[in-house]
**Student:** 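I'd like to ask some things about the structure below.
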Amino acid sequence: GQQVMQIPQYQHVQEGEDFTTYCNSSTTLSNIQWYKQRPGGHPVFLIQLVKSGEVKKQKRLTFQFGEAKKNSSLHITATQTTDVGTYFCAGGGGYSGGYQKVTFGTGTKLQVIP
Amino acid sequence: DTAVSQTPKYLVTQMGNDKSIKCEQNLGHDTMYWYKQDSKKFLKIMFSYNNKELIINETVPNRFSPKSPDKAHLNLHINSLELGDSAVYFCASSQVTGRGEQYFGPGTRLTVT
């Protein structure tokens, strides 16, 4: 079945440093979503990418979808303590009974040291 | 007005008991999901429902039985609870299956002793 891996699993950065998490799928995806989960909270949707090579920005966050639609990345510029949390990618692809499945990545936990 | 709500927020019970978790969404979405998040924070899909019909069952033990009385509600009943069932269970909904934003509930932390 479809597998979605993220690296790194954990990342500690000094406040102000940049951070990147990478998402790799074993199969071609139709779309990729990114979510953020704060400690003790629930996943919150950040963005969806659907086109090959697509790049989207949200303030200090930059999201990319690979040309082959099998990988994606999230880059945060100049991290702040409010960026702390676990970042998940979620790949849409593969079908079950005619419905498209979404598989969540393994997550990257970001710690920001003030 | 909470978009996706779950009850209870915490559930502590003993092995062998049966328990239920309820979920409701007021977004008018057609698709609802149950996820299990273990201690390592991996989010695993358990079930997906579209308009009250089960569409995805990710090889979950049959001790877990979801029920959707209408498209706004998706409940999860667990029989004969085991230690390994301890986790946070999230309900979520989306307008379209497999695409677009999923809205998650606050989660139910289940502890089996």
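Every chain is numbered from 1, with letters handed out A, B, ... down the list of sequences. This structure is a prediction, so every number in the text was calculated from the model and none was measured.
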**Student:** How far does CZ of F45(A) sit from CD of Q102(B), to the nearest 0.5 angstrom?
**Tutor:** 9.5 Å

**Student:** Would you name the heavy atoms of T97(B) and Q100(A) that are closest together and state the gap between them?
**Tutor:** CG2-O, 3.5 Å

**Student:** Starting from L74(B), can I reach L110(B) by hopping between I/L/V/M/F/W/Y residues whose side chains sit under 4.5 Å apart?
**Tutor:** yes

**Student:** According to a hydrophobic-cluster definition based on side-chain heavy atoms being under 4.5 Å apart (Ile, Leu, Val, Met, Phe, Trp, Tyr only), do Y35(A) and Y10(A) belong together?
**Tutor:** no

**Student:** Which atoms of N50(B) are under 4.5 Å from chain A, going by heavy atoms: the side chain, the backbone, both sets, or neither?
**Tutor:** side chain

**Student:** Let me check something: do L76(B) and V88(B) share a hydrophobic cluster, defined by ILVMFWY side-chain heavy atoms less than 4.5 Å apart, either directly or through other members?
**Tutor:** no

**Student:** Between Q9(A) and F42(B), what is the shortest heavy-atom contact and its length?
**Tutor:** NE2-CZ, 4.5 Å

**Student:** Name the member of T106(A), T103(A), L46(A), V44(A) that forms the most heavy-atom pairs with chain B at distances under 4.5 Å.
**Tutor:** T106(A)

**Student:** Using the rule side-chain contact (heavy atoms from CB on, under 4.5 Å), only one of F104(B), Y35(B), Y103(B) pairs with P43(A); which is it?
**Tutor:** F104(B)

**Student:** With the 4.5 Å side-chain cut-off for hydrophobic clustering, are I47(A) and F104(A) part of the same group?
**Tutor:** no

**Student:** For K22(B), is the NZ atom crowded, meaning more than 12 foreign heavy atoms sit under 6.0 Å from it?
**Tutor:** no

**Student:** CD of Q37(B) to CZ of F88(A): how many Å apart, nearest 0.5 Å?
**Tutor:** 5.0 Å

**Student:** Going only through I, L, V, M, F, W and Y residues with side-chain contacts under 4.5 Å, is there a path from M15(B) to Y10(B)?
**Tutor:** no

**Student:** In this structure, are over 12 heavy atoms from other groups packed under 6.0 Å from K56(A) atom NZ?
**Tutor:** yes

**Student:** Rounded to the nearest 0.5 Å, what's the gap from CD on Q6(B) to NE2 on H42(A)? Could you check?
**Tutor:** 9.5 Å

**Student:** Rounded at 0.5 Å granularity, tell me how far NZ in K41(B) sits from CD in Q37(A).
**Tutor:** 6.0 Å

**Student:** Looking at G100(B), S94(B), P106(B), G105(B), which makes the most heavy-atom pairs under 4.5 Å with chain A?
**Tutor:** G100(B)

